[in-house]
Amino acid sequence: FNTRSGPCRSSQTRSALTRAVDRESIVQIDYALHAQAASLPVHPASSLYDQELAQSLSYDLEPLVQAGLEGDSLVLLVNSENTAKVSAAQRIASQLQAAGLTVEVERLAFEDFTAALARGDFDLYLGEVVLTADFDLSALLSSSGALNYGGCQDSQTDALLAAFSAAGEEA
């Protein structure tokens with residue numbers, strides 16, 4: 001999400017949009033079951049996956065209806081060089097359009113895709129981050145993260161990421 005401008009500045013909007021995406025259908029159809037649907041950035045088979053929290057974030061159109069977003073327009077960026085991601089982006093757009101939004105899927109070559117992300121020329125984007133073995137999410141989620149294209153700025157998140165990085169394996 002672009003948290004700096006556009007409709008996704010609102011946490012209520014981001015939450016509603018997150019819930020309006022049917023991840024199960026994307027996994028089944030676009031990734032031919034070669035992926036695992038998850039609402040959290042932890043694999044569902046992990047003991048760290050919070051099933052209760054994940055359930056509270058599961059597919060549900062009601063929050064989108066309550067947010068009053070019908071008729072809003074969104075731009076969804078995707079790297080055109082990855083056919084599975086393009087297909088998934090189209091499915092996400094279709095799901096959001098069925099809920100009353102207008103979604104333009106902008107397919108860009110990787111270089112143009114990353115340049116548009118860096119400029120903030122998007123509302124949503126579908127991307128992929130390969131995490132390091134220590135599962136450090138700082139590049140993606142910290143206020144100064146190199147991959148924080150959405151512009152998330154939260155001192156509490158920064159403190160939690162720092163604490164996670166400093167924690168021993170047992171913690």
Side-chain angles (χ1 to χ4, degrees), residues 1-46 49 51 53-131 135 137 139-141 145-152:
F1 298 105
N2 184 343
T3 65
R4 292 183 181 148
S5 65
C8 296
R9 285 185 313 239
S10 159
S11 63
Q12 180 187 12
T13 297
R14 294 190 304 271
S15 178
L17 290 170
T18 296
R19 305 260 329 259
V21 174
D22 181 3
R23 291 166 180 76
E24 290 292 337
S25 69
I26 293 167
V27 165
Q28 290 175 5
I29 299 167
D30 303 303
Y31 290 104
L33 298 174
H34 293 283
Q36 179 72 44
S39 300
L40 304 172
V42 177
H43 194 283
S46 169
Y49 194 79
Q51 292 290 343
L53 178 59
Q55 184 60 35
S56 74
L57 299 171
S58 65
Y59 177 65
D60 185 0
L61 292 178
E62 187 57 33
L64 193 63
V65 172
Q66 290 176 354
L69 299 173
E70 295 89 43
D72 281 7
S73 293
L74 301 169
V75 173
L76 170 58
L77 290 185
V78 65
N79 176 3
S80 64
E81 298 167 19
N82 185 309
T83 56
K85 283 193 182 56
V86 170
S87 179
Q90 276 302 140
R91 185 159 319 283
I92 291 167
S94 293
Q95 291 172 356
L96 295 177
Q97 288 168 339
L101 295 158
T102 301
V103 181
E104 174 192 349
V105 177
E106 197 169 322
R107 300 165 194 82
L108 300 173
F110 183 73
E111 202 171 287
D112 296 329
F113 173 72
T114 55
L117 289 175
R119 288 190 310 270
D121 289 345
F122 65 95
D123 295 307
L124 312 164
Y125 76 94
L126 180 60
E128 177 178 349
V129 174
V130 178
L131 297 174
F135 206 68
L137 295 166
L140 184 63
L141 299 177
L147 301 175
N148 181 1
Y149 298 117
C152 297

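Because only heavy atoms are used, hydrogens play no part in the values below, and waters and symmetry mates are left out as well, while side chains stay in. From a predicted model like this one, the values you see are computed outputs, not experimental measurements.
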Legend entry - Residues forming a side-chain hydrogen bond (donor to acceptor under 3.5 Å, both in side chains) with Thr18, sequence neighbours excluded: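 Thr18: no side-chain hydrogen bond (donor to acceptor under 3.5 Å, both in side chains) contacts found.
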Nearest 0.5 Å please: distance from the [atom1] atom of [X] over to the [atom2] atom of [Y].
X: Arg19; Y: Leu64; atom1: CZ; atom2: CG; answer: 11.0 Å
X: Thr3; Y: Asp123; atom1: OG1; atom2: CG; answer: 11.5 Å
X: Leu74; Y: Leu69; atom1: CG; atom2: CG; answer: 8.0 Å
X: Thr13; Y: Asp72; atom1: OG1; atom2: CG; answer: 7.5 Å
X: Tyr149; Y: Leu140; atom1: OH; atom2: CG; answer: 10.0 Å

Inset, instruction - Return the set of residues passing side-chain contact (heavy atoms from CB on, under 4.5 Å) with Ala109 (not counting sequence neighbours), or none when no residue passes. - result: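 Counting only residues at least two positions away or on another chain, Ala109 forms a side-chain contact (heavy atoms from CB on, under 4.5 Å) with Ser80, Glu81, Asp112.
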Legend entry - More than 12 heavy atoms from other groups under 6.0 Å of CD on Glu111: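 Not buried by this count: 12 neighbours or fewer within 6.0 Å.
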Inset, instruction - State whether the number of non-hydrogen atoms from other residues, nucleotides or ligands found under 6.0 Å of Phe110 atom CZ is greater than 12. - result: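 No.
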Inset, instruction - Any chance you could lay out the side-chain contact (heavy atoms from CB on, under 4.5 Å) test for Leu117 and Leu77, step after step, and finish with the verdict? - result: CA-CA 8 Å; Leu117 289 175; Leu77 290 185; 4.0 Å; yes
Inset, instruction - Check Leu124, Thr102, Leu76 against Leu96 for a side chain to side chain contact (heavy atoms under 4.5 Å, CB included) and give me the one that passes. - result: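 Single side chain to side chain contact (heavy atoms under 4.5 Å, CB included) partner of Leu96 among Leu124, Thr102, Leu76: Leu124.
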Inset, instruction - Anything under 30° is parallel, anything over 60° is perpendicular, the rest tilted; go ahead and classify Tyr125 against Phe122. - result: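 Answer is perpendicular, since the angle exceeds 60°.
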Inset, instruction - Indicate whether any N or O donor in one side chain lies under 3.5 Å from an N or O acceptor in the other, for Arg107 and Gln90. - result: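 Result is yes, a qualifying pair exists.
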With a 4.5 Å cut-off on side-chain heavy atoms, are [Y] and [X] touching?
X: Ile26; Y: Val21; result: yes
X: Ser73; Y: Leu101; result: no
X: Arg4; Y: Arg9; result: no

Legend entry - All pairs passing side-chain hydrogen bond (donor to acceptor under 3.5 Å, both in side chains) where residues 30-42 contributes a residue, at least two apart: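 Listed once each, the pairs are Asp30-Ser87, Asp30-Arg91.
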Legend entry - Test log, rule side-chain contact (heavy atoms from CB on, under 4.5 Å), inputs Val65 and Glu70: CA-CA 7 Å; Val65 172; Glu70 295 89 43; 4.3 Å; yes
